[in-house]
Amino acid sequence: MLTPDQERLIETTAPVVAEHLDAITQRFYPLMFSRYPEVKSLFNQAHQASGSQPRALAGAVLAYVGLRGNPAGAREALATAVSKHVSLDIRPEQYPIVGECLMAAIGEVLGDAVTPEIADAWGALYEELAGLLIELEEHRYRDFEQQAGGWRGPREFRIAAIRQESAVIRSFVLAPTDGAPVADHQPGQYIGVRLVIDGEPVYRHYSLSATPNGETYRISVKREPEGHASRHLHDVLGVGDTLELLPPAGDLTLVDGDDPLLLASGGVGQTPLLPIARQALSQGREVVYLHAALDAEHQAFAEEVATLAAEHPERLTAVTVHERGDGADHAGRIDRELLARYLPADARCYFVGPQGFMTAIDQSLETLGVPAERRHFEHFGPSRPLDAA
């Protein structure tokens with residue numbers, strides 16, 4: 001617990017740290033990777049290069065400083081980080097590494113302005129934050145492990161089937177090599193995947209694109225031209241090959257109720273929304289499903305959505321939007337006018353896709369009167385505000 005003097009120091013120095021937080025986090029990661037190269041595999045280097053991972057860390061630290069007086073709000077704000085950590089198997093012994101390197105980066109950026117007293121105060125703040133994260137993560141680990149078919153740590157799965165869903169998206173059905181059941185997940189969640197590429201471990205998160213069945217999981221992966229992990233999955237791995245999975249996580253899940261839903265996805269953003277659509281339809285809810293793709297060749301899961309529409313003709317409205325070609329219901333992009341045309345009254349809205357796509361959808365829904373608490377979205381990379389550049 002911070003002392004009263006440390007509380008005052010945090011309060012008075014927080015604006016200075018906030019002003020330099022981007023520089024601190026930019027310095028933090030190279031410092032940590034040089035001192036502790038064994039943790040580098042836990043971080044997507046594309047997100048490091050783009051700056052999205054450092055910005056996400058900076059935002060999380062600032063958010064926690066502002067929410068320390070509101071424990072419930074702090075726990076809610078940390079939920080996304082906890083989910084990502086659980087799907088990476090982050091452990092308590094790794095937190096001191098982060099703390100050491102974060103404090104070293106603060107010292108390097110701010111120099112003599114960081115007195116021993118200030119360093120002690122911010123070190124204590126970090127220990128408080130780390131302790132809360134460790135507590136929340138342990139609850140998640142324990143709850144999942146105690147489920148039927150649950151586990152802790154990496155678990156080996158084999159690729160049982162592969163299906164090409166579009167020109168760039170491929171589905172992988174994964175079955176545990178031990179033959180035991182697998183725990184249910186909530187539709188909309190993702191799972192941590194541990195690959196070994198050229199002898200080095202690589203961790204990624206992929207949405208679970210099918211509803212739970214107790215026997216297998218399904219991920220559907222877009223092949224990115226520069227994607228280290230996605231190219232390995234598409235170009236190297238085949239049926240019978242193995243990889244390791246970590247517990248499912250993520251908070252983009254269906255809110256209970258009977259509200260109608262509007263689901264809007266762009267590209268591979270379809271993967272978490274498909275199981276949400278299936279779950280909602282099984283509950284008797286109305287679903288409007290808008291999906292945007294480049295063209296017909298890039299339209300994934302067309303047969304699956306068509307089957308859903310045939311099963312639920314009175315409750316599912318499936319709409320496709322393509323930027324080119326004439327194989328969709330609409331040409332162009334999902335814009336305010338299209339949303340206004342299909343938006344059910346009092347709908348709860350879920351949308352996933354590229355950053356610009358989600359920003360446009362969010363702004364359009366706001367102008368159409370959909371309150372923030374009924375607009376749900378998820379980033380496939382580090383979280384950041386929708387209006388971030």
- Item | NZ/NE/NH1/NH2 to OD/OE distance under 4.0 Å, E373 and R348 | no
- Item | CD/E93: more than 12 non-hydrogen atoms of other groups inside 6.0 Å | yes
- Answer yes or no: is there an ion pair linking D251 with R140, defined by an N-O contact shorter than 4.0 Å? yes
- Side chain of R27, backbone of A23: donor and acceptor closer than 3.5 Å? no
- Task: Over all heavy atoms of both residues, which pair between A347 and R374 is shortest? Give the atoms and the distance, please.
- Result: O-NE, 3.2 Å
- Query: Could you go step by step and tell me if S171 and R163 meet the side chain to side chain donor-acceptor pair (under 3.5 Å) rule?
  - Reply: CA-CA 5 Å; S171 288; R163 176 183 171 87; over 6 Å; no
- Task: Would you name the heavy atoms of P272 and G269 that are closest together and state the gap between them?
- Result: CD-O, 3.2 Å
- Query: Is there a path from L67 to L133 through hydrophobic residues (I, L, V, M, F, W, Y) whose side chains come within less than 4.5 Å of each other?
  - Reply: no
- Hydrophobic cluster identity match, L88 and L78, side-chain contacts under 4.5 Å: yes
- Query: Would you say the side chain of V221 lies within less than 4.5 Å of the side chain of I169, judging by non-hydrogen atoms?
  - Reply: no
- Residues P275 and S209: closest non-hydrogen pair is CD-O, 3.7 Å
- Among the clusters formed by ILVMFWY side chains lying less than 4.5 Å apart, do Y29 and V109 turn up in the same one? yes
- Query: Does the distance from a Lys or Arg side-chain N to an Asp or Glu carboxylate O, for D241 and R158, drop under 4.0 Å?
  - Reply: no
- Message: Please determine whether side-chain contact (heavy atoms from CB on, under 4.5 Å) holds for the pair I191 and L246, giving the CA-CA distance in whole Å, both sets of side-chain angles, and the decisive distance to 0.1 Å.
- Response: CA-CA 6 Å; I191 199 161; L246 292 149; 5.8 Å; no
- Evaluate the criterion salt bridge (charged side-chain N to carboxylate O under 4.0 Å, His left out) for residue pair E135 and R75; output intermediate values, then yes/no. CA-CA 10 Å; E135 174 194 342; R75 288 169 179 261; 3.0 Å; yes
- Item | Interatomic distance, L174 atom CG to I162 atom CD1 [nearest 0.5 angstrom] | 9.5 Å
- Would you please say whether a donor-acceptor pair under 3.5 Å links the side chains of H234 and R231? no
- Kindly determine whether R375 and F351 satisfy side-chain contact (heavy atoms from CB on, under 4.5 Å), including the steps that lead there. CA-CA 8 Å; R375 307 195 306 264; F351 48 98; 3.9 Å; yes
- In this structure, are over 12 heavy atoms from other groups packed under 6.0 Å from D235 atom CG? yes
- Query: Is it true that a side-chain atom of Q164 and a backbone atom of S166 form a donor plus acceptor pair closer than 3.5 Å?
  - Reply: yes
- Item | Working for side-chain contact (heavy atoms from CB on, under 4.5 Å), residues E7 and M1 | CA-CA 10 Å; E7 294 276 6; M1 176 178 285; 5.8 Å; no
- Task: Give, for atom CZ of R341 and atom CG of D335, the distance between the pair rounded to the nearest 0.5 Å.
- Result: 11.0 Å
- L31 side, atom CG; Q26 side, atom CD - distance, nearest 0.5 Å: 13.0 Å
- Item | Same cluster (ILVMFWY, side-chain, under 4.5 Å), V39 and L102 | yes
- Query: How close do A249 and S83 get, heavy atom to heavy atom, and via which atoms?
  - Reply: CB-O, 3.3 Å
- Message: Do P260 and V288 make a side-chain contact, defined as non-hydrogen atoms from C-beta onward lying under 4.5 Å apart?
- Response: no
- Query: Does Q6 reach the main-chain N or O of T3 with its side chain, forming a donor-acceptor pair under 3.5 Å?
  - Reply: yes
- Task: For side-chain contact (heavy atoms from CB on, under 4.5 Å), just list the numbers for H185 and T211, CA-CA rounded to whole Å, side-chain angles, deciding distance to a tenth of an Å, and then say yes or no.
- Result: CA-CA 8 Å; H185 63 281; T211 48; 5.8 Å; no
- Test item: H232 side-chain N/O and H228 main-chain N/O as donor-acceptor pair under 3.5 Å: no
- Query: Cut-off 3.5 Å, side chains only: do H205 and S87 have a donor facing an acceptor?
  - Reply: yes
- Under 6.0 Å from the CD atom of Q147, do we count more than 12 heavy atoms belonging to anything else shown? yes
- Message: Could you tell me if the side chain of L245 sits less than 4.5 Å from the side chain of V182, heavy atoms only?
- Response: no
- Indicate yes or no: at least one non-hydrogen side-chain atom of L365 is less than 4.5 angstrom from one of T367. no
- Taking only Lys NZ, Arg NE, NH1 and NH2, and the carboxylate oxygens of Asp or Glu, determine whether R155 and E244 approach each other closer than 4.0 Å. no
- Item | Salt-bridge contact E137-R91 (side-chain N to carboxylate O under 4.0 Å) | no
- Do F377 and C349 have side-chain heavy atoms sitting under 4.5 Å apart? no
- Note on the structure: CG of L274 to OG of S207, rounded to nearest 0.5 Å, is 10.5 Å
- More than 12 heavy atoms of other residues, nucleotides or ligands under 6.0 Å from CD of E38: is that the case? yes
- Query: Charged N to carboxylate O below 4.0 Å: is that the case for E138 and R152?
  - Reply: yes
- Note on the structure: Distance col, row E117:CD vs L9:CG, nearest 0.5 angstrom, shows 7.5 Å
- Task: Using side chain to side chain donor-acceptor pair (under 3.5 Å) as the criterion, point out the one residue from Q146, E145, H139 that pairs with R142.
- Result: H139
- Item | Close side-chain approach of R333 to H322, heavy-atom, < 4.5 Å | no
- Task: May I ask you to check whether H85 and Y95 show a side-chain donor-acceptor distance below 3.5 Å?
- Result: yes
- Fit a plane to each ring of F157 and W151, take the angle between them on a 0 to 90° scale, and name the class: parallel (under 30°), tilted (30 to 60°) or perpendicular (over 60°). tilted
- Message: Checking E128 against Y64: is there a side-chain donor and acceptor pair closer than 3.5 Å?
- Response: yes
- Query: Any side-chain donor paired with an acceptor under 3.5 Å for S230 and R223?
  - Reply: no
- Task: Using a cut-off of 6.0 Å, state whether more than 12 heavy atoms not belonging to E311 lie near its atom CD.
- Result: yes
- Task: Flag yes if more than 12 heavy atoms outside D346 fall under 6.0 Å of its CG atom; otherwise flag no.
- Result: no
- Looking only at heavy atoms, the pair that brings Y217 and L208 closest together is CB-CD2, 3.6 Å
- Message: Less than 3.5 Å apart, any donor N or O on the side chain of R194 or Y203 sitting next to an acceptor on the other?
- Response: yes
- So, S220 versus R170: side-chain donor-acceptor pair below 3.5 Å or not? no
- Task: May I ask you to say whether R285 pairs ionically with D258, meaning some side-chain N is under 4.0 Å from a carboxylate O?
- Result: no
- Message: Side chains of Y36 and E100: any donor to acceptor distance under 3.5 Å?
- Response: yes
- Message: Quick check against the 3.5 Å criterion: does Y206 have a side-chain atom that pairs as donor or acceptor with the backbone of T271?
- Response: no
- Query: Is there a path from I334 to M358 through hydrophobic residues (I, L, V, M, F, W, Y) whose side chains come within less than 4.5 Å of each other?
  - Reply: yes
- Message: Between H291 and T320, do the side chains contain a donor N or O and an acceptor N or O under 3.5 Å apart?
- Response: no
- Note on the structure: Rounded to the nearest 0.5 angstrom, the NZ-CD distance for K222 and Q270 is 12.5 Å
- Query: For residues N213 and T216, is any side-chain donor paired with an opposing acceptor at under 3.5 Å?
  - Reply: yes
- Message: Give me the atom names and distance for the closest heavy-atom approach of Y289 to L316.
- Response: CB-CD1, 4.1 Å
